[in-house]
Amino acid sequence: MSEISAPKGVRDILPDESWKWDYVFGVLRKTAADFGFSEVHLPIFEHTELFSRGIGDTTDVVEKEMYTFTDKGGRSITLRPEATASMVRSYLEHRMGTLPQPVKLWCAGPMFRYERPQKGRYRQFWQVDFESLGSASPYADAEIIALSLEAFRRLGLSRLEVVINSVGCPACRPDYRRRLTEYFSSREGDLCETCRDRMGRNPLRILDCKKESCRQVTEDAPSVYESLCGECREHFDAVRSSLDGLGAVYRLDKRLVRGLDYYTKTAYEVLSGALGSQNAVCGGGRYDNLAEAIGGPHVPGVGFAAGVDRILMVMEQEGCSFGKEPRLDVFGVALDFRSRAAILSVVDLLRKNGISADMDFNDRSMKAQMKAASARNARLACILGEDELTRGTVAVKDLTTGEQKEIAGEGLAQAVKEMLSTLKG
RNA sequence: GUGAGCGUAGUUCAAUCGGUUAGAGCACUGGACUGUGGCUCCAGAUGUUGGGGGUUCGAGUCCCCUCGCUCACCCCA
């Protein structure tokens, strides 16, 4: 169509949608505060090595999905593909280890991944990210999961499924890995090509292959639970019993492994039945080795990221409420050349009194201005003509009922406020 | 990166087997209604049929290339 267009995989959030985003962020902000999380604003680009070391060199995200470039100072810079690594970097850089632990932070903003776009997947997408840093307690895990579920509940999402798993720790994962490799070797012929490739690199990933043939093989694969070390097993049991205590409904899924290297112990995802193929609305878990991986001291942490684009999509699909759409209070209408100059002052006066007001700037007919007032869905029209000018008044019309009254100029702001408050809605 | 489907006005869609000047609803602008919106009626504006090449007397329609969009795989939010 037009040669003017945004790059592939990115999009504009226009006014008919942006107010809904405001609503969602408002709910999330309040939920964060209720759970004791403070907001931080982080940069959207970082040194490339933060991600390559933190997320893992062999992950898909780092191998082929990063927006990486060299800046004018010769540094390798990457547009963040996720926020957790930045969060931990910020914690370390600002010595938050000296604060009372855990430090609970959240942030919101765009993430970038070079992928082929499809439904629910963009190259720039928004996430809200919650991280609880400095505590190894299973209750921190449970709190994080509970927080994500409460946020979704408040937004009105219903068709959700929570799946959790434990991916072990450096003490027990090698053993599990060995047992998996052993098992898959015996069934190698039944695996797909990519899974055979995964055997050497990361056999855990075979578990979440969606091919039917591979799923049959993984059905009988050794379970993580038998391989978990005492500490991991205890931790996982504690997370589950606290979730039970909170009344959270979840499903254990031994196939859930997640794509980032830094996860230890708890891994979880929240899936929506209202989405298509890209149905994860939130994902997270514990990452006790991430801080060390990026060159810091040992700092345990747990957190999750939720996709805002997908949340909006699910809400739309499920018919959730977005609160009320912001509405213009007053539209100023002028009859002729003289009143046009005066109506600007009227609009200005209203604005300075906290009343939202707008007017026509194209010298259009009164009828056209009234039409514009309706099109803008204004509550009231303030009309000015010769008669009003000589009398020093303004005609105020309720655009819902059609009632109109004439109000003296001095009392206008007050009178409009009163009319708006009785309208309400 | 791989596969499939689709590209006609701002938008949703028409256009016979390949046939003459590419149409309609909605939206937009103006008017009927020279001081009042929503309803009604009338009028108007808007297209490189995504782009390029080919076949043909003739292409929106068929073929090739390309770009874009969409969905799926991979992976994830």
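Sequence lines set the chain letters: A, B, ... in the order given, protein chains first and strands last, and positions in each chain run from 1.
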Exercise. Within a strict 4.5 Å, meaning less than it, do heavy atoms of the A:Val394 and A:Ile407 side chains meet?
Worked result: no
Exercise. With side chains defined as the heavy atoms from C-beta onward, is the minimum distance between A:Trp21 and A:Asp309 less than 4.5 Å?
Worked result: yes
For this session: List for me each residue that meets salt bridge (charged side-chain N to carboxylate O under 4.0 Å, His left out) alongside A:Arg179, sequence neighbours excluded, and say none if there are none.
Result: A:Glu226
Exercise. Which residues pass the salt bridge (charged side-chain N to carboxylate O under 4.0 Å, His left out) test with A:Asp358, sequence neighbours left out?
Worked result: A:Arg351, A:Arg376
Exercise. Under 5.5 Å between ring centres and under 30° between planes: does that hold for A:Trp126 against the base of B:A77?
Worked result: no
Problem set entry | B:U36 base / A:Gln404 side chain donor-acceptor hit below 3.5 Å | yes
For this session: Determine whether any donor atom in the side chain of A:Ser374 lies under 3.5 Å from an acceptor atom in the base of B:G37, or the reverse, and answer yes or no.
Result: yes
Exercise. Mind checking whether A:Phe236 and A:Tyr225 have parallel, tilted or perpendicular rings, split at 30° and 60°?
Worked result: parallel
Exercise. How are the rings of A:Phe130 and A:Phe304 set to each other: parallel, tilted or perpendicular (split at 30° and 60°)?
Worked result: parallel
Exercise. With no hydrogens and no angle check, do the side chains of A:Glu318 and A:Ser158 hold a donor and an acceptor under 3.5 Å apart?
Worked result: yes
Exercise. Does the side chain of A:Ser272 pick up a donor-acceptor pair with the side chain of A:Arg310 at under 3.5 Å?
Worked result: no
For this session: Report the nucleotide, chosen from B:A77, B:G35, B:U36, that has the shortest atom-to-atom distance to any side-chain atom of A:Met370.
Result: B:U36
Seminar exercise, completed: Residue pairs meeting salt bridge (charged side-chain N to carboxylate O under 4.0 Å, His left out), one or both in residues 331-340 of chain A, sequence neighbours left out, come to A:Arg340-A:Asp363
Seminar exercise, completed: Its contact letters, B for base, S for sugar-phosphate only and - for none at protein heavy atoms under 4.0 Å, make nucleotides 66-74 of chain B read ---S-SBBB
Grab the [atom1]-[atom2] distance between [X] and [N] for me, whole Å please.
X	N	atom1	atom2	answer
A:Asp360	B:G35	CG	C1'	16 Å
A:Met366	B:G38	CE	P	13 Å
A:Met315	B:A77	CE	C1'	16 Å
A:Tyr114	B:G1	OH	C1'	9 Å
A:Phe337	B:G35	CZ	C1'	18 Å
A:Leu14	B:G10	CG	C1'	13 Å
A:Asp387	B:U36	CG	P	12 Å
A:Glu403	B:G37	CD	P	17 Å

Problem set entry | Reference residue A:Leu149; test side-chain contact (heavy atoms from CB on, under 4.5 Å); the match among A:Leu246, A:Val162, A:Leu157, A:Leu243 | A:Val162
Just the table, please: protein N/O against nucleotides 29-31 of chain B N/O, every pair under 3.5 Å.
from: B:U29; atom 1: OP1; to: A:Arg364; atom 2: NH1; distance (Å): 3.0

Suppose you measure atom [atom1] in [N] against the same atom in [M]; what distance do you get, rounded to whole Å?
N	M	atom1	answer
B:U56	B:C63	C1'	12 Å
B:G18	B:A59	C1'	7 Å
B:C28	B:G68	C1'	27 Å
B:C62	B:U20	P	16 Å
B:U12	B:G7	C1'	15 Å
B:C13	B:U36	P	39 Å
B:U66	B:G1	P	13 Å
B:A15	B:A24	C1'	11 Å

Determine the contact category for [X]: base if any of its heavy atoms lies under 4.0 Å from a base atom, sugar-phosphate if only primed atoms, P, OP1 or OP2 are that close, otherwise nothing.
X	value
A:Asp336	nothing
A:Glu386	base
A:Gln124	nothing

Seminar exercise, completed: Taking pairs as Watson-Crick (N1-N3 plus N6-O4 or O6-N4) or G-U wobble (N1-O2 and O6-N3), each distance under 3.5 Å, the stems of three or more consecutive pairs with RNA chain B are B:1-7 with B:67-73, B:10-13 with B:23-26, B:28-32 with B:40-44, B:50-54 with B:62-66
Problem set entry | Within 6.0 angstrom of A:Phe35 CZ, more than 12 heavy atoms from elsewhere | yes
For this session: For A:His94, look at atom NE2 and say whether over 12 heavy atoms of other residues, nucleotides or ligands are found less than 6.0 Å away.
Result: yes
Problem set entry | Of A:Val281 and A:Asp398, the one whose closest RNA chain B nucleotide lies more 5' | A:Asp398
Problem set entry | Interatomic spacing from CG in A:Leu105 to CG in A:Leu42 - rounded to 0.5 Å | 8.5 Å
